Amino acid sequence: MSKGLPKRSDDYSAWYNELVKRADLAENSPVRGSMVIKPYGYSIWEKMQAGLDKMFKDTGHTNAYFPLFIPKSYLSREADHVEGFAKECAVVTHYRLKKSEDGGGVVVDPEARLEEELIVRPTSETVIWNTYKNWIQSYRDLPLLINQWANVVRWEMRTRLFLRTAEFLWQEGHTAHATKAEAEAETIQMLEIYAEFAEKHMALPVIKGVKTESERFAGAVDTYCIEALMQDGKALQAGTSHFLGQNFAKAFDVKFANQEGGLDYVWGTSWGVSTRLIGGLIMAHSDDNGLVLPPKLAPIQVVIVPIMKGKDQLVQLADQANKIASKLRDKGISVKFDDRDTHKPGWKFAEYELKGVPVRIAIGPRDLENGTVEIARRDTFEKQTVQVDEAPEVIFELMDEIQSNIYNKALNFRESHTTEVSTYDEFQDVLENKGGFVLAHWDGSSETEERIKEETKATIRSIPLNAEEEAGSCVYSGKPSKKKVLFARAY
RNA sequence: CGGGGUGUAGCGCAGUCCGGUUAGCGCACCUGGUUUGGGACCAGGGGGUCGCAGGUUCGAAUCCUGCCACCCCGACCA
């Protein structure tokens, strides 16, 4: 392990890339744009899955699994949907290889062309709605509330670990309802769940909003989203929830008999978050020393590092360490006791800081004498020495304190980097010199949105749900506007 | 698909201009020892089709030709 991470202030994206690799979260794989998620990174994903999955189940959803391959024809059933995804689909055309003529490996067997080519799912609306057609006959079959954990493939041109990869892991919820109101309520409910997860588990403050037409999910009537702000002043879309109206029901002919005996198309929603959240987690909290993880998602919450004077002392130190560890585990805290003698304490300190372990306990000969331990927290680097007996309670409380401190820090950053502007000069100035979210009036036209994007690289992240109604004029065109919308440069 | 760059040990690089011992350095790795309160030190050791294929030459990592791969910057996106 070589020392020193690039500094955020020198090169933010180099810092991010290096951090992901050095902290053992993920690495590139031979196929461009696809990544290996390493055990430490995957542990974070598992914690995210566990937290979200519980929230889904608590709101009546169940998991299922739909296939990776989708008949090509399905994709074209919903016009907007095809258009949105056609450019980035991986296509399976053959089902067999054979030895090459020159004997040096394998080639695609031209005889084995598929009659109908298959698409590797970029998202599953089409297969799922095609299936729902058979599952739904009556209002008694509704609502249908299903989620799946899966991988999807979108053939991206430019990729970055976690933030944008050709293959990524996510969950996608797909629900069907008897009424428009119910489907809309579901869409909002899931948005709320994502926001709660981001804020409570990831310690990531987010802004809930609705997308403009140009940013909307292909095939949706409305796309809601949560947007987070990263430390470099760029926005990250952290989750989306779509009200699909009857678009997919119509495309796949999913009708149900209502209570009055009539036949109606069902109303749909879909919603998802992906491994991109890990990228957001990293970029929101971490510092020049490495990851800073919120205790709720940290694979290891507490690490105990012994400081030895001679090998014989390890026994006593280990005894003390194990006692503390077991008390912490009783409180539901995950602990690692690192008794390797192949690395010095200083090396370990740096290592666990790089990996974002929220709390470190050091125990040395001095502590053994005094019956104390040293407790250091990752978020503030503060150290305190406490009596052994008090340590478990202190640490238990520290978990909550660190969790909320990280959240508050991110919230303060966002608040100090959210700027309301009324002129286009100001708008450009803020984007250029300060970054962050910019709140400004917008005339509601795609033309204006597009021009602003071309001129400033900033997009409308969302129309915030809590935006106040106020008369104003568009920052670009001067035309009348009823509310301010959220602009930023984004990932 | 345009513009730029790079391929030499697991990683990061030097050597290439100007061909000439056995291809070198740092990190990592292995062995032994001394160490351990903020990234230890000493000694020894292993590891290479120099991206691939041709060519020039007594001799090629180095020169020539062709190919391949990857990275960065621009047009798309959770």
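This one's a predicted model, so the numbers in the text were calculated from it and none came from an experiment. Chain naming here is simple, since letters A, B, ... match the order of the sequence lines and numbering starts at 1 in each.
Regarding A/Tyr491, its OH atom lies at a distance of 19 Å from the P atom of B/rC76, rounded to whole Å. Summarising the geometry, the separation between CZ on A/Arg461 and P on B/rA78 is reported as 9 Å, rounded to the nearest angstrom. Atom pair A/Asp338:CG and B/rU36:P shows a separation of 18 Å (rounding to whole Å applied). One atom, CD1 of A/Ile375, and another, C1' of B/rG37, lie 16 Å apart when rounded to the nearest Å. Following rounding to the nearest Å, A/Glu227 (CD) and B/rA78 (P) show an atom-to-atom distance of 10 Å. The nearest whole Å value for the distance from the CH2 atom in A/Trp155 to the P atom in B/rA75 is 22 Å. For the pair A/Glu88 CD and B/rC76 P, the computed distance is 12 Å after rounding to whole Å. A/Phe349 has its CZ atom 11 Å from the C1' atom of B/rG39, to the nearest Å.
Look at B/rG39: it lacks any Watson-Crick or wobble partner with both distances under 3.5 angstrom. Remark: B/rC17 base-pairs with no nucleotide; criterion is Watson-Crick or G-U wobble with both hydrogen-bond distances under 3.5 Å. In this structure B/rC29 sits in a base pair with B/rG45, meeting the Watson-Crick or G-U test at under 3.5 Å. In a base pair of the Watson-Crick type (N1 to N3 plus N6-O4 or O6-N4) or a G-U wobble (N1-O2 and O6-N3), with each distance short of 3.5 Å, B/rG2 is matched with B/rC73. Of all nucleotides present, none satisfies the Watson-Crick or G-U wobble test against B/rA78 with each distance under 3.5 Å. Nucleotide B/rC63: paired with B/rG55 (Watson-Crick or G-U wobble, both distances less than 3.5 Å).
The phosphate of B/rC41 has neither OP1 nor OP2 within less than 4.0 Å of any side-chain N or O from A/Lys344.
Side-chain contact of A/Thr269 with A/Trp271: a donor-acceptor pair under 3.5 Å is present, judged by distance alone. In summary, the side chains of A/Tyr476 and A/Glu449 do not present any donor paired with an acceptor at a separation below 3.5 Å, with no hydrogens or angles considered. When only modelled atom types and interatomic distance are considered, A/Thr126 and A/Glu78 share no side-chain donor-acceptor pair under 3.5 Å. A donor atom on one side chain and an acceptor atom on the other are not found under 3.5 Å apart for A/Tyr16 and A/Asp232. A/Glu353 and A/Asn289 share no donor-acceptor pair across their side chains, judged by distance under 3.5 Å alone. Between the side chains of A/Arg121 and A/Ser124, not a single donor N or O lies within less than 3.5 Å of an accepting N or O.
Note on A/Leu236: nothing from the nucleic acid sits closer than 4.0 angstrom, heavy atoms only. Residue A/Phe168 is in base contact, counting any heavy-atom pair closer than 4.0 Å across all strands shown. Across all strands shown, A/Thr342 has no heavy atoms under 4.0 Å from either base or sugar-phosphate atoms. Contacts of A/Arg160 with the nucleic acid, taken as non-hydrogen atoms under 4.0 Å apart, are absent. Counting any heavy atom pair closer than 4.0 Å across all strands shown, A/Glu156 reaches a base atom.
Going from the P atom of B/rC76 to that of B/rC11 covers 35 Å, rounded to whole Å. The C1' atoms of B/rU49 and B/rU8 are separated by 12 Å, rounded to the nearest whole Å. As rounded to the nearest Å, B/rC17 and B/rU21 have P atoms that lie 13 Å from one another. Comparing the C1' positions of B/rG3 and B/rG59 gives an interatomic distance of 39 Å, to the nearest angstrom. Separation of the C1' atoms belonging to B/rG46 and B/rC27 is 16 Å when rounded to the nearest angstrom. On the C1' atoms, B/rA23 is 11 Å away from B/rA14, given to the nearest whole Å. Rounded to the nearest Å, the gap between the P atom of B/rG51 and that of B/rA60 is 15 Å. Remark: the separation of the P atoms in B/rC29 and B/rC52 is 28 Å, to the nearest Å.
Comparing atom distances between the A/Pro365 side chain and each of B/rA78, B/rG37, B/rG39 picks out B/rG37 as nearest. For A/Lys309, the side-chain atoms get nearest to B/rU36 when compared with the rest of B/rU36, B/rC76, B/rG38. Of the listed nucleotides (B/rG37, B/rA78, B/rG39), B/rG39 has the atom at the smallest distance from the side chain of A/Glu351. Proximity note for A/Gln237 (side chain, C-beta onward) versus B/rA78, B/rU36, B/rG39: the nearest is B/rA78.
For A/Ala350 and A/Phe162, each mapped to the nucleotide of RNA chain B holding its nearest heavy atom, the one lying further toward the 5' end belongs to A/Ala350. Position along RNA chain B of the nearest nucleotide to A/Lys457 versus A/Gly239 favours A/Lys457 as the more 5'-ward residue.
Taking only distance into account, the side chain of A/Lys383 meets the base of B/rG38 through a donor-acceptor pair shorter than 3.5 Å.
When each of A/Lys7, A/Arg378, A/Arg8 is tested with A/Asp287 by the rule salt bridge (Lys or Arg N to Asp or Glu O under 4.0 Å), just one qualifies, namely A/Arg378.
Under the 6.0 Å cut-off for aromatic ring centres, A/Phe487 and A/Phe427 qualify, their centroids lying closer than that.
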